[in-house]
Amino acid sequence: MRISIIGSGYVGLVSGACFSELGNKVICLDNNAKKISELKKGIIPIYEPGLAEMIKRNVRRKRLSFTSNIKEAIIKSEVIFIAVGTPSMENGEADLTGIENVARNIALNMDSYRLIVEKSTVPVETGNWVRRTISTYIKRKVEFDVASNPEFLKEGQAISDFMHPDRIVIGVESKRAADILVDLYKPLKAPMVVADIKSAELIKHASNAFLATKISFINALSRICDRVGADIKEVSKGMGLDKRIGAGFLQAGIGYGGSCFPKDVDAFIKISEKIGYDFRLLKVVKNINEEQRDFFLKKIRDVLWIVKDKSIGVLGLSFKPNTDDIRQAPSIGIIKALQAEGAKIRAYDPEAMQKAKELLTGVTLCKNPYEVCKGSECLLIVTEWKEFQEMDLCRIKKMLKRHLIIDGRNIFDPQKLRKMGFTYIGIGRPDSE
Ligand code: UGA
């Protein structure tokens, strides 16, 4: 199939690369001309395992190309995916300016049948607005369909999530659109849910909100574990083995971050409000998430007493492992709060150093975890990179001024660390307060 992907961010780029890998002819578009010229030179703007190789391979096979000319992308493709950003506005609502712009451009340039597919995460009813916008601005009398096909990929595992999805969700209003999308996804051999557009839109927001709820639930439980001396890891394991609950997204920590959950929870609260439903549950999910960072900061203060002028080591800056993404990363808020109290921060991340440099000031960025420990009063684990789980703890101990580890991701075995002579504080682990 000839496909265009409008918006070469995370979702757009990964989807474009994967569709081309499946044998389709794909054009990825972005209005950021610098990004496109770099992509043409093989410079990939994000770190995602396997993505650079896949892009290069398909460019070589002439199945994948890049442009910033929207007219060209629309004319050359039968299926147009909209994967532009839908950032949060001040009030939490999703900003759909980008979607409207693309819809208008499609209307102005379409010369024969097109299937326009929303892939960006959007509030329910956006599909209706896209259809109305195209109908309003359309120049020639041509047929078109609008569809919703939300993406469920996780950063760091995006390619494998795309190629081996749990399900594919397709929201359509015509058989023609359904046939095209079912055909496109057939090679993935995954279960498909073919629904109406509004239901498909809701599936995406509901899935992210439900996963965020699971995380806030387990984080709330970690507070109880801390108080009674139970182990949240055992509690998660015991709960997760129940198939009705499932083991995923039950890791307690310092709260969810990233470019999706915080934004989507906010947007879902807002859209519910707009249609007259007060989604109280989600408001609490959001509050618990915000409190979890304060809970971690309190642990630091409780053990260090005075934070001012102390050197604190931070391991992990990205919002989760295997990505260089620091958008809404808990690390940023935690570092800024400690700096505001006068702490000196030394930090390291395997991939996010460049992006952190642009966002953080006054942080000593180190070459490896051991350098972070040099002279530090304590070591904070903020992202659960594998590299940190495999560190030489004897060397870490030698470098630290005080043998104190505060593990915001519960990556270590408390008993093992205590036996080695560390003071170990986790989240919801026995004797961790
Ligand atoms: C999330 C969803 O998992 C994807 O299905 C969805 O497609 C994507 O948002 C999106 O809407 O585009 P992502 O934000 O990449 O993906 O990352 P996740 O792996 O879901 O992690 C989100 C946050 O939750 C991270 O900060 C992570 O540390 C935290 N988390 C996750 C926990 O604190 N505990 C857990 O058990 C799991």
Side-chain angles (χ1 to χ4, degrees), residues 7 9-15 46-49 51 83-88 94 118-123 149-162 164-169 201 203-222 232-233 235-237 239-240 245-268 285-286 288-293 295-296 316-334 352 381-385 407-411 427-428:
Y10 234 105
V11 169
L13 214 47
V14 171
S15 308
I46 49 172
Y47 169 76
E48 181 63 39
L51 181 63
V84 296
T86 52
S88 284
E118 318 165 328
K119 217 173 206 354
S120 310
T121 303
V122 290
N149 168 225
E151 189 48 63
F152 298 96
L153 51 85
K154 295 184 286 299
E155 291 184 21
Q157 299 172 43
I159 299 223
S160 119
D161 282 347
F162 189 98
H164 311 282
D166 289 346
R167 79 308 205 179
I168 290 157
V169 175
E201 289 169 337
I203 290 171
K204 171 67 191 193
H205 257 156
S207 301
N208 273 5
F210 191 79
L211 292 170
T213 305
K214 270 188 109 176
I215 299 171
S216 279
F217 186 90
I218 207 70
N219 281 334
L221 220 50
S222 76
I232 192 67
K233 283 216 151 190
V235 177
S236 289
K237 195 164 143 198
M239 285 171 64
I245 297 173
F249 286 72
L250 281 183
Q251 300 309 315
I254 46 180
Y256 57 77
S259 63
C260 304
F261 285 177
K263 168 176 82 73
D264 290 353
V265 167
D266 278 351
F268 209 11
V285 165
K286 178 183 158 91
I288 292 174
N289 194 56
E290 284 160 5
E291 278 168 21
Q292 201 68 6
R293 271 161 230 183
F295 172 54
F296 185 62
L317 297 166
S318 58
F319 83 99
K320 64 172 193 175
N322 298 323
T323 174
D324 62 349
D325 198 342
I326 55 168
R327 285 176 291 175
Q328 302 282 324
S331 65
I332 307 300
I334 289 165
I381 309 291
V382 175
T383 315
E384 66 277 32
W385 283 92
D407 181 358
R409 300 291 188 170
N410 289 342
I411 64 171
I427 303 281

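Note that the structure is a prediction, hence the values are computed from the model and not measured. Counting starts at 1 for both ligands and their atoms, following the listed order.
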Side chain, backbone, both or neither: the part of Lys204 lying under 4.0 Å from ligand 1 by heavy atom: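 Contact part for Lys204 vs ligand 1: side chain (C-beta onward).
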
Among the heavy atoms of [X], does any lie under 4.0 Å from an atom of ligand 1?
X      : result
Cys260 : yes
Gln157 : no
Asp264 : yes

Side chain to side chain contact (heavy atoms under 4.5 Å, CB included) partner of Asn289, chosen from Arg293, Glu291, Lys286: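 The single option meeting the side chain to side chain contact (heavy atoms under 4.5 Å, CB included) with Asn289 is Arg293.
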
Is the shortest side-chain heavy-atom distance between [X] and [Y] below 4.5 Å?
X      : Y      : answer
Thr86  : Lys263 : yes
Phe319 : Gln328 : no
Ile427 : Ile232 : no
Gln251 : Ile218 : no
Asp324 : Ser318 : no

salt_bridge(Arg327, Glu155) N-O dist < 4.0 Å: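 Between Glu155 and Arg327 there is a salt bridge, with a charged N closer than 4.0 Å to a carboxylate O.
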
Starting from [atom], which protein heavy atom do you reach first, and at what distance in Å?
atom                    : answer
atom 34 (N) of ligand 1 : Gln251 O, 2.9 Å
atom 37 (C) of ligand 1 : Phe249 CD2, 3.4 Å
atom 4 (C) of ligand 1  : Leu153 O, 3.5 Å

Option whose closest heavy atom lies nearest to atom 17 (O) of ligand 1, chosen from Lys154, Lys320, Glu155: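 Looking at heavy atoms only, the winner is Lys320.
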
Pick from Phe261, Phe152, Phe319: the one approaching atom 2 (C) of ligand 1 most closely through a non-hydrogen atom: Phe261

What about [X]: any of its N or O atoms under 3.5 Å from an N or O on ligand 1?
X      : answer
Ile215 : no
Leu211 : no
Arg409 : yes
Gly257 : yes

Greater than 12 external heavy atoms within 6.0 Å of Phe217's CZ: no

Atoms in ligand 1 with a heavy atom of Asn208 nearer than 4.0 Å: 2 (C), 6 (C), 9 (O), 10 (C), 11 (O)

Which of the ligand 1 atoms, numbered from 1, are nearer than 4.0 Å to a heavy atom of Leu250: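 Counting atoms of ligand 1 from 1, those under 4.0 Å from Leu250 are 36 (O).
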
Parallel, tilted or perpendicular, as decided by the 30° and 60° cut-offs, for the rings of Tyr256 and Phe261: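 Rings of Phe261 and Tyr256: perpendicular, over 60°.
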
Residue of the set Lys119, Glu118, Lys204 for which side chain to side chain donor-acceptor pair (under 3.5 Å) holds with Asn149: Lys119

